[in-house]
Peer 1: 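I'd like to ask some things about the structure below.
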Protein chains: 2
Amino acid sequence: MERKRSDIIADQLEELIFNGTFGNGERLDEVQLSARFGVSRTPVREALLRLAQSGLVEHFPRRGVFVRQPGPIELIEMFEVMAELEATCARFAASRISDRAVSELNETNRRCHAAVEAGDADLYYRENEKFHAILYKESGNSFLEQECLRLQRRLQPFRRTQLRLRGRLKQSMQEHEQIVAALGQGDGSHAAEVMRGHVAVQGEKFHHLMASLKTAAA
Amino acid sequence: MERKRSDIIADQLEELIFNGTFGNGERLDEVQLSARFGVSRTPVREALLRLAQSGLVEHFPRRGVFVRQPGPIELIEMFEVMAELEATCARFAASRISDRAVSELNETNRRCHAAVEAGDADLYYRENEKFHAILYKESGNSFLEQECLRLQRRLQPFRRTQLRLRGRLKQSMQEHEQIVAALGQGDGSHAAEVMRGHVAVQGEKFHHLMASLKTAAA
DNA sequence: ATTTTGCATCTTGTATACAAAAACATTGAC
DNA sequence: GTCAATGTTTTTGTATACAAGATGCAAAAT
């Protein structure tokens, strides 16, 4: 299945916004981007419309599109929702999860733990993401799974910065293990509660990092 | 603020899909639609891309776009998520809601009740929607509010059919009142619990109506 | 000096033209 | 008669051309 140029451009633009090449409020000019990517305006335009729908940029008809980084308040709100969605996944999963998936979660946690010991933040990040992805799937609700993946993807660039808080890693691992334990016992409300705190803390502690972000004022 | 033709077309196509003019799996031809709306392919194309992102149609590159009505399983999943999101709204609202909003909810419930008495299903529908919209806002989380509105909008055509179940109306009203009472007492978990059931029942009872839907088999 | 109005320019939105890939049908081989 | 190969046709994806609204500046009026 061959992808369209416009999709590739959308992904690239997304990355450029995530890594801060295009700052908040910056205008994205169609012709400029066309030249940059060596294509005509059409695919660039389709890419911009896609980004506008996913909320990464704002589109003012006849005026242009502007980068729209979420401000601190919106980020906290998004983390709050993420926490609720993941808690829901955990609660659902408690009654629906397979033994196969439980051991898979344990496996992932083991690798995650090893990554912490080795100080391999990148590996930790990948395995951590996998842990959460498994839980989404084991919620037994594909729609919920997709929504979680969508929001996780949007929060990804802000979540990454969290990992630099050294002390948090070990606590995070303990929470993972608590979640798996609760799931193994079929204790949905406990799994949900731990998961909620596990994710929400990222949003609550987030303001500690606000100084290091360019998106200080909305 | 003048809207674009492509946006207008997207809305019209959405409506045509909702009301079943375009059945599930049907192919949406760009040139055909261009002729139908009296415009060129460009705005039609942009509209289709927008619908594809919102999940109403599926876009296969170089092959075309096809109507993608959610099947019964996906619908139940979506209602399940809607129930969780609204329950979250209720729980948040319990600690954040203003007295002003509480009386507004009571007002809306009163009009809702009157609509039931008068047998005015349409008015009931509008006031019911307002009730929920107020709760979204009073969650104090704008992002959550927007997500709820988005999903509600998507489920709207399937929710409407629920109202024909006569017996459900009165019970639904009682639930509304229970929710407001719980909110007034600041009992978030109870408000959430009632709300969850209030919304979820639409999904659970949904299969009773499956026969009347064209989207029987995925 | 400040505001307002008209013009020039720029940018977006839409139409059309072209390229390439996929669907389709026809024809030929087995 | 079925299946495969090839050529034709249709349809999407991209480029370009055109139309119209938005922005900015300058000049004139208050």
Side-chain angles (χ1 to χ4, degrees), chain A residues 1-18 20-69 217-218, chain B residues 1-18 20-69 217-218:
Chain A
M1 170 181 164
E2 193 109 9
R3 297 183 69 211
K4 298 190 296 177
R5 260 185 270 265
S6 60
D7 285 339
I8 295 168
I9 289 171
D11 288 347
Q12 293 186 355
L13 281 175
E14 210 167 277
E15 181 57 28
L16 288 172
I17 291 171
F18 280 168
T21 304
F22 293 120
N24 191 23
E26 191 166 333
R27 181 160 166 282
L28 297 181
D29 188 73
E30 292 181 2
V31 297
Q32 218 169 300
L33 293 172
S34 310
R36 177 173 190 144
F37 290 109
V39 296
S40 79
R41 274 177 57 213
T42 311
V44 170
R45 198 179 159 72
E46 289 185 358
L48 288 176
L49 289 174
R50 199 182 103 181
L51 294 188
Q53 274 237 313
S54 71
L56 227 69
V57 302
E58 208 158 1
H59 176 89
F60 301 97
R62 297 249 175 224
R63 297 188 146 197
V65 308
F66 299 84
V67 176
R68 185 184 162 285
Q69 298 277 19
Chain B
M1 170 179 165
E2 192 110 8
R3 297 182 69 210
K4 297 191 296 178
R5 259 187 271 268
S6 60
D7 285 339
I8 295 167
I9 290 171
D11 288 348
Q12 292 186 356
L13 281 175
E14 209 168 278
E15 181 58 29
L16 289 172
I17 291 171
F18 280 166
T21 305
F22 294 119
N24 191 23
E26 189 165 335
R27 180 162 165 283
L28 297 181
D29 188 73
E30 293 182 0
V31 297
Q32 218 168 302
L33 293 173
S34 309
R36 176 173 191 145
F37 291 110
V39 297
S40 79
R41 272 177 58 215
T42 311
V44 170
R45 197 176 159 73
E46 289 185 357
L48 289 176
L49 289 175
R50 197 182 104 180
L51 294 188
Q53 274 237 314
S54 71
L56 228 71
V57 301
E58 207 158 0
H59 177 87
F60 300 96
R62 299 247 176 229
R63 298 188 142 196
V65 306
F66 300 84
V67 176
R68 185 183 162 285
Q69 297 278 21

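Below, chains carry the letters A, B, ... as their sequence lines are ordered, and counting in each starts from 1. Because the structure is predicted, anything quoted here is derived from the model rather than measured.
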Peer 1: Nearest whole angstrom, please: distance from the C1' of D:dG24 to the CZ of A:R27.
Peer 2: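 The distance from CZ of A:R27 to C1' of D:dG24 comes to 13 Å, rounded to the nearest Å.
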Peer 1: From D:dG13, C:dG13, D:dT16, pick the nucleotide closest to the side chain of A:R62?
Peer 2: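 Nearest nucleotide to the side chain: C:dG13.
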Peer 1: When the distance from CD1 of B:I9 to C1' of C:dA15 is rounded to whole Å, what number comes out?
Peer 2: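 So the CD1-C1' distance, B:I9 to C:dA15, works out to 12 Å.
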Peer 1: Between C:dT11 atom P and A:Q32 atom CD, what is the distance in whole Å?
Peer 2: 9 Å
Peer 1: Which pair of heavy atoms, one from A:R36 and one from A:F22, lies closest together, and at what distance?
Peer 2: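 It is NH1-CZ, 3.8 Å.
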Peer 1: Starting at CG of B:D29 and ending at P of D:dT10, how long is that distance when rounded to a whole Å?
Peer 2: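 From B:D29 CG to D:dT10 P: 12 Å.
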Peer 1: With a 4.0 Å cutoff (strictly under), does any side-chain N or O of B:H59 reach OP1 or OP2 of D:dG13?
Peer 2: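 So the side-chain polar atoms of B:H59 do come within 4.0 Å of the phosphate oxygens OP1 or OP2 of D:dG13, strictly under.
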Peer 1: C:dA15 phosphate, OP1 or OP2: any side-chain N/O from B:S40 under 4.0 angstrom?
Peer 2: yes
Peer 1: Between A:R50 and A:D11, is the closest basic N to carboxylate O distance under 4.0 Å?
Peer 2: yes
Peer 1: Rounding to a whole Å, what distance do you find between B:F60:CZ and D:dG13:P?
Peer 2: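 Checked: the CZ to P distance equals 12 Å.
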Peer 1: Would you call A:R5 and A:E46 a salt bridge, taking side-chain N to carboxylate O under 4.0 Å as the test?
Peer 2: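 Looking at A:R5 and A:E46, the cut-off is not met.
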Peer 1: How is B:R45 classified with respect to the nucleic acid when contacts are heavy atoms under 4.0 Å: base, sugar-phosphate, or nothing?
Peer 2: base
Peer 1: Please determine which of A:V57, A:I9, A:L56 meets the side chain to side chain contact (heavy atoms under 4.5 Å, CB included) test together with A:E14.
Peer 2: A:L56
Peer 1: So, are B:D29 and B:R27 salt-bridged, with charged N and O less than 4.0 Å apart?
Peer 2: yes
Peer 1: Looking only at side-chain atoms of B:R63, point me to the closest of C:dA23, D:dT14, D:dT12.
Peer 2: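 Within the option list, the nearest is C:dA23.
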Peer 1: Donor-acceptor pair under 3.5 Å: do we get one between B:R41's side chain and the base of D:dG13?
Peer 2: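 When only heavy-atom distances are counted, B:R41 does reach the base of D:dG13 through a donor-acceptor pair under 3.5 Å.
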Peer 1: What is the distance, to the nearest angstrom, from the CG atom on B:L33 to the C1' atom on C:dT14?
Peer 2: 16 Å
Peer 1: B:E30 has an atom CD; how far is it from atom C1' of C:dC18, in whole Å?
Peer 2: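 Result: 15 Å.
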Peer 1: Considering every strand and a 4.0 Å limit on heavy-atom distances, what is the contact class for A:V31: base, sugar-phosphate, or nothing?
Peer 2: nothing
Peer 1: Please report the distance, rounded to the nearest Å, between NZ in A:K4 and P in C:dA21.
Peer 2: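 Rounded to the whole Å, the gap is 15 Å.
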